[in-house]
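To start, the structure under review is shown below, and the notes come after it.
Any value given below was found using the heavy atoms of this structure, including those in side chains, with hydrogens, waters and symmetry copies removed.
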Amino acid sequence: ETHGITFRIQISVKELLDTDVLLKLLFHLPVNYPSTLPDISVNSDQLTRAQCMDVKDKLLEQAKKHLSEPMIHDLILWIQQHLKYVVKQSATVCNEKTTLSKGTSTEDSTWTLLLHLDHMRAKAKYVKTVEKWASDLRLTGRLMFMGKIILILLQGDRSNIKEYLILQKTSKVDVDSSGKKCKEKMISVLCETKVQSQHKRFQTFEVKECSTLDELQKEFETAGLTTLFSEFVPPLLK
């Protein structure tokens, strides 16, 4: 493949209060790995989303120390040994980070992503999954349907946008023609760009059923994205 490889690892770690924490780690290795850092996604039912993000950040810090050499095994050993300290530190700085984020969040770190899906066979489950990912990653935007057109428009921190893309491409979100769970293979990234000052920004993530092109366009206008609509949506109708 020209996009590298992606794989999941689940490890159980003895954490605070001797509780077992099941960490679900997803690594995407680009074709020029290990000269390029892997993309990492962290999930756990025992940790909060903020704690998972802190674990991810610490793993990326460690990965930089191993650049140009195989590192996945070392990263797994490191997090097994240090998880309790990362989680403990995460809890102590949580309130401080919440206060700081209000003052330091800038539009420079916010990106817009527009995706086109070919179809949804298991629509109800698929929609619920997208809503959960958007909520977990603090992304706002729209999942829009108009006739056969399915669009996902997301805004949020660029690292969270990248993590969403990894989940979208590697998770079994739909079913195939025989009803068997399958990954999303018919997805197109139409646009990925930094949020500009004239964009109003979405405040929530919502699912919209549009009956006309005008209704669809109004959803884009909500965030000042008329140009984005004009450039990428009409060609889908041809």
Side-chain angles (χ1 to χ4, degrees), residues 3 6 23-30 36-45 47-64 75 79 86-87 89-117 129-144 151-171 173 184 187-207 219-220 222-225 227-228 232:
H3 301 296
T6 301
L23 277 184
K24 302 169 186 176
L25 306 173
L26 187 146
F27 295 93
H28 172 70
L29 309 186
T36 301
L37 293 177
D39 283 323
I40 303 173
S41 176
V42 179
N43 282 287
S44 175
D45 293 336
L47 301 179
T48 65
R49 189 67 214 162
Q51 288 171 329
C52 287
M53 293 297 287
D54 284 335
V55 171
K56 171 189 168 181
D57 290 343
K58 293 297 183 184
L59 282 171
L60 285 172
E61 282 180 23
Q62 291 301 310
K64 290 175 184 176
L75 294 180
I79 199 59
V86 174
V87 172
Q89 185 182 29
S90 174
T92 57
V93 301
C94 181
N95 291 332
E96 182 183 347
K97 286 176 81 175
T98 302
T99 304
L100 284 173
S101 66
K102 294 177 182 176
T104 59
S105 176
T106 66
E107 290 183 333
D108 287 345
S109 64
T110 304
W111 282 65
T112 294
L113 175 71
L114 179 61
L115 302 173
H116 174 237
L117 301 183
T129 300
V130 171
E131 287 180 313
K132 183 180 186 307
W133 288 343
S135 174
D136 287 349
L137 293 168
R138 301 187 294 280
L139 300 175
T140 59
R142 299 285 187 268
L143 168 54
M144 298 167 284
L151 298 171
I152 301 176
L153 183 57
L154 298 170
Q155 289 182 330
D157 186 88
R158 193 180 188 190
S159 63
N160 289 0
I161 290 279
K162 289 179 70 175
E163 189 164 346
Y164 177 92
L165 270 174
I166 292 173
L167 289 170
Q168 179 77 62
K169 292 177 179 179
T170 60
S171 303
V173 289
E184 178 58 74
I187 185 170
S188 303
V189 178
L190 299 180
C191 181
E192 187 176 357
T193 184
K194 188 184 292 186
V195 168
Q196 303 300 315
S197 57
Q198 70 268 28
H199 296 170
K200 299 173 187 175
R201 299 275 305 277
F202 290 111
Q203 299 303 312
T204 58
F205 181 84
E206 299 175 24
V207 180
E219 296 303 326
F220 282 79
T222 301
L225 296 172
T227 303
L228 192 72
F232 294 102

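Interatomic distance, NZ of K194 versus CZ of R158, reported as 8.5 Å (0.5 Å rounding). Atom CZ of R138 is separated from atom CE of M53 by 6.0 Å, given to the nearest 0.5 angstrom. Taken to the nearest 0.5 Å, the OG atom of S159 stands 12.5 Å off from the CD1 atom of I40. Here the CG-CG distance, from L151 to L117, works out to 8.0 Å after rounding to the nearest 0.5 Å. If you take CE on M144 and NE2 on H116, they are separated by 11.0 Å, rounding to the nearest 0.5 Å. Atom CG of L137 is separated from atom CD1 of I161 by 8.5 Å, given to the nearest 0.5 angstrom.
Under the rule for a side-chain contact (heavy atoms from CB on, under 4.5 Å), the partners of T129 that lie at least two apart in sequence or sit in another chain are K125, W133, V173. For K132, the side-chain contact (heavy atoms from CB on, under 4.5 Å) partners are D136, not counting sequence neighbours. Taking the ring pair (Phe, Tyr, Trp, His ring centres under 6.0 Å) definition, one finds that F205 meets it with nothing, sequence neighbours left out. Under the side-chain contact (heavy atoms from CB on, under 4.5 Å) criterion, T36 pairs with P30, N32, not counting sequence neighbours. Take F27 and apply the ring pair (Phe, Tyr, Trp, His ring centres under 6.0 Å) test, not counting sequence neighbours, and it matches F7. I166 meets the side-chain contact (heavy atoms from CB on, under 4.5 Å) test with L26, D39, T170; sequence neighbours excluded.
Summarising the geometry of V207 relative to E131, their closest heavy-atom pair is CG2-OE2, 3.4 Å, with the distance given to 0.1 Å. Across every non-hydrogen atom of T204 and R142, the tightest pair is O-NH1, 3.5 Å. Nearest approach of C52 to S44, heavy atoms of both residues: SG-N, 3.6 Å. E163 approaches V42 most closely through the heavy-atom pair OE2-N, 4.0 Å. Closest of all the heavy-atom pairs between A223 and Q155 is CB-NE2, 4.2 Å. Minimum heavy-atom separation, S41 to L167: OG-CD2, 4.5 Å.
Side-chain contact between W111 and L139 is absent, with no heavy atoms from C-beta onward closer than 4.5 Å. Side-chain contact between T112 and F202 is absent, with no heavy atoms from C-beta onward closer than 4.5 Å. Side-chain contact between L47 and D54 is absent, with no heavy atoms from C-beta onward closer than 4.5 Å. By the 4.5 Å heavy-atom criterion applied to side chains, T140 and Q203 are not counted as neighbours. Inter-residue side-chain proximity for L59 and L25 is flagged as met; some heavy-atom pair is nearer than 4.5 Å. Side-chain contact check for K24 versus D45: some heavy-atom pair is nearer than 4.5 Å. The shortest distance between side-chain heavy atoms of I79 and Q62 does not fall below 4.5 Å. Contact of the L165 side chain with the L115 side chain is registered, since non-hydrogen atoms from C-beta on lie closer than 4.5 Å.
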